Amino acid sequence: MSGPASFVEVAVPIPVERTFTYALGDLQLPEPGTRVLVPFRRGERIGWVLGPASGEGIDGIRPVLDVLDDEPSAPPELLRLCRWIAGYYLAPLGITLRSALPSVLSDASRDYVSLADSTSAVGDGAELTPREARLLELLAGRDGPQRVRTLRKALDSGSIWPEIRNLEGRGVLRHETVPPRDAGVLTRKVVRLVRWLSSLTEREESFGRAYRQKEAYELLEAAGGSLELAHLTGRAGFSRSVIRGLEEKEIARVEDEEVIRDPFAGRDPGEAPKHRPTPAQQEALEEILAGLEQEKPVPFLLHGVTGSGKTLVYIELLREVVLRRGMGAIVLVPEISLTPQTVSRFRAHFGDEVAVLHSGLSDGERYDAWRQLRNGEKRIAVGARSAIFAPLPRLGAVVVDEEHDGSYKQSETPRYHARDVAVVRATRSGAVCVLGSATPALESWANATKRKFTLLSLPDRVAGGALPTVGVVDLRSVRRNLEGGRGAASQRTAARADDGSPPAGGTVLSPALVDAVRTRMASSEQVILLLNRRGYSSFVQCRECGDVRTCRNCSVSLTFHRTRGRLVCHHCGHEEPAPDRCPRCGSDDLSFRGLGTEQVERIVAETFPGRRIARMDVDTTSGKWSHHEILGRVERGEVDILLGTQMIAKGLDFPRVTLVGVINADVGLHLPDFRASERTFQLLSQVAGRAGRGVLGGEVLIQTSVPEHYAVRAAVAHDYAAFAERELKERRVPAYPPHVRLVNVVVSSPDPELAAQGAEGAVRWLHGRKEVGLGEGVELVGPAPSPIERLHGRWRWHFLLRSPSSRALGTAARAVASGYRPRGGDVRLVVDRDPTALL
Ligand code: ADP
Ligand code: ZN
Ligand code: ZN
């Protein structure tokens, strides 16, 4: 058979691991990556064309309804990358494409139709079908563009696309796909419109007694002939009818101007500091630049201690790639709101070349940025995880800053790791890839050891600055001293800070830490205090019966939030009022235990009266710009003590911070997860790295009950290599990454029995298939209840697949992901490849 293709294969974003075949009808075969509208079940979906299909042996193939792109919205390189992600992470291709592209491109509900400008009826005299007539009637009866979805509901049946396309073809209807509007205005293009009022002529006599019109006109003239409409009707206080009056007299005209929205635009990125690279920076840079000359450069691991000037290396690299060679570059940062300084540095150097992709963008803004990258208006994408999908036509470099950061792993389908995707994308496009960190992930370290990555080191802080000295406060002896001094009641006082004021911190702030803070305050320096646990108390326990309040959806204790007077689940968000009495036995002797940032804030305020304290955690940073606001105050010296969770450990560079105190290093150290020690080491090293970045030098005090733990000791000594060596040993038996690869399979259900049966069934199923290769290189561990047994109302069981061979592991994981169907009611199976946590 030859001739034009009559069927296409389409990836539809639904959680099913297959693609679908549609008939093309009269349509030309679109290029792969082009979006099409297709009928799906009883509705319509947007999918992506993958290529021609045979259609043989398939009954009832339905037609493609519409081709939505002029050029593929997923360019070939991105389509290939998504295919790799879908295959490796065992995710449906349609869902992968959807998450790689701006959301406005995959939402069929954003199709609108409106009556065409001519209010006259159908001009060509052709008959209307009853459905078409009804559709026009509906539109005539409503104001402005209507959602296709709403109209379909009103017509209460099937697709209305044939009618829409027919009427559109006859010029009666207009159809458009638009992102949701911030202001609710619909426009053909995805840009914000700013309305301007511009003067047309000088005809003062025509104002008569319309004094307000005259005033508005004069204001307009004084402003040089045009003004933003919002200014006139807002600040200046002219009514709409005044403006309309000017328009009717043809004295002025309202015009729309397209403005690409950029929330960073109004923010001054500051001056670009002109540093000359140090010899160490220069050496690293030259190696990377040499990589640019190679066809398939090996990725680089840039291991530089905190304050070693990694950012300057990235900037110099981009200067070459973007400014000299005219190619594109992607810079990934962990969470953009937490790293405003890093982002500002890129903006200061590259100005308008930079598109900042952050979570605060509206869908429309994100789409604007995407288009600008796609058409070459901007050549640098800076953003969190998903920026790895930036549609840069000629990619020259990919930088992953703080490559060890846990936020690079996506916790929903597709469960990709952006660092690993970065390596794959860069390698395939022949781009240079630089992974930077002071505390590289052990996987990356192992890759460097095996020469899969080229290791580059910046062993010292820039300009001869020293790493801060790190001291340890043993909380066990602090507690003993306190008990010795004040009797047994003191233990209680420290834990229940709300029943009186603890003396100068109690066991929360040790005497050594209090002294150190006082000294810094006396010389007007700044202090950072870290406690990686938010809320006031992490659990509430009845002293009578021992009952701990747990979440009704999850098997975790509820955290007391004092300002709101509520108990909150940090996993699912469930909230309830804080009890006065034990719900189980009625006793009013409740103890609020487990220290959180909210409580520390109070104790710090009591211990250091008059000091300006800022707290930064999830609870204080819900607003779009609240991170910037808090960090801005610290930068301007308006804050003496910055207190917070791991948020404050990332990338901040404040030269007046001379002391970092860790309230309790042990939070997280004893979690039942193989990365607990690594996470603790990284957190301690990173937060310590915030101290002494200026000429004033600095020190760090770590409070801990386990000063002998190797993660604490290595952080104290700034000795990454020692930590890595020990941790690699710890992960030999039982074997964990990087010695082996892991897949975590979680089976969950609202019914505990079904969850257990589902997991057991999956394991039996795997054992029963020879081709899966269990026992021959792939080991299965479990099943067992997950460490967090219940989450979001679902009971969870899991088992692990592990293997030194990625390929063998992939085969086994693919088998269970696409072959095994748990029985019973609501049972879900999640396959997480290269998991970052097993909780
Ligand atoms: P890192 O990311 O490695 O922790 P940064 O890139 O934030 O370190 O750099 C630390 C500080 O040193 C910044 O304030 C930066 O402006 C400054 N810096 C970097 N390189 C140089 C240089 N070559 N000369 C002088 N100062 C530098
Ligand atoms: Zn009780
Ligand atoms: Zn919960």
Side-chain angles (χ1 to χ4, degrees), residues 270-285 302-316 331 333-334 339-346 348-349 399-403 434 436-440 456-465 467-468 540-559 567-576 579-591 635 649-657 685-695 718 788-794 796:
E271 276 290 292
K274 298 271 183 297
H275 294 310
R276 309 198 69 232
T278 63
Q281 285 170 328
Q282 190 62 37
E283 208 176 303
L285 184 63
L302 178 61
H303 176 222
V305 299
T306 56
S308 59
K310 295 184 283 296
T311 315
L312 188 68
V313 176
Y314 309 149
I315 285 170
E316 292 301 319
V331 180
V333 293
T339 46
Q341 288 177 318
T342 310
V343 175
S344 305
R345 273 182 218 165
F346 285 100
H349 280 90
V399 171
V400 184
D401 192 24
E402 311 289 1
E403 64 87 34
V434 182
S437 177
T439 54
L456 305 171
S457 298
L458 301 175
D460 304 304
R461 284 193 160 177
V462 281
L467 285 163
V540 182
Q541 185 169 30
C542 169
R543 275 185 229 271
E544 273 314 313
C545 72
D547 184 57
V548 173
R549 291 302 293 158
T550 52
C551 175
R552 69 153 100 111
N553 308 319
C554 315
S555 59
V556 297
S557 59
L558 292 171
T559 299
L567 299 180
V568 179
C569 173
H570 286 179
H571 287 277
C572 75
H574 163 76
E575 284 193 19
E576 60 189 51
D580 312 327
R581 299 181 161 275
C582 172
R584 195 165 126 199
C585 75
S587 160
D588 63 357
D589 195 6
L590 298 178
S591 83
E635 188 144 44
K650 300 184 184 183
L652 302 180
D653 187 27
F654 298 124
R656 290 200 71 79
V657 171
S685 306
Q686 293 291 346
V687 77
R690 303 311 117 209
R693 293 171 76 93
V695 289
H718 303 293
I788 298 176
E789 273 190 291
R790 208 153 80 93
L791 199 60
H792 295 270
R794 303 181 72 87
R796 306 160 77 232

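On a predicted model such as this, the values are computed, not experimentally measured, just so you know. All ligand and atom numbering here is 1-based and tracks the order in the structure.
Salt-bridge formation is not detected for the pair Glu576/Arg552: no Lys NZ or Arg NE/NH1/NH2 atom is positioned less than 4.0 Å from an Asp or Glu carboxylate oxygen.
Partners of His571 by side-chain hydrogen bond (donor to acceptor under 3.5 Å, both in side chains), not counting sequence neighbours: none found. Qualifying side-chain hydrogen bond (donor to acceptor under 3.5 Å, both in side chains) partners for Thr306, counting only residues two or more places apart in sequence or in other chains: Arg461.
Between Thr306 and ligand 1, no pair of N/O atoms sits closer than 3.5 Å.
Within the 4.0 Å heavy-atom shell around ligand 1 one finds Arg693. Residue contacts with ligand 1: Gly307 is included, with a non-hydrogen atom under 4.0 Å away. Ligand 1 is never approached by Leu458 to a heavy-atom distance shorter than 4.0 Å.
If you number the atoms of ligand 1 from 1 as listed, the ones under 4.0 Å from a heavy atom of Thr278 come out as 23 (N). Every atom of ligand 1 is numbered from 1 in the order shown, and the set under 4.0 Å from a heavy atom of Val305 is 3 (O).
Protein N/O/S atoms closer than 2.8 Å to the Zn ion (ligand 2): Cys542 SG, Cys545 SG, Cys582 SG, Cys585 SG. Within the sub-2.8 Å shell of the Zn ion (ligand 3), the protein contributes these N/O/S atoms: Cys551 SG, Cys554 SG, Cys569 SG, Cys572 SG.
Looking at Asp653 against ligand 1, only its side chain comes within 4.0 Å, counting heavy atoms.
Among Lys310, Arg345, Arg276, the residue whose heavy atom lies closest to atom 7 (O) of ligand 1 is Arg345.
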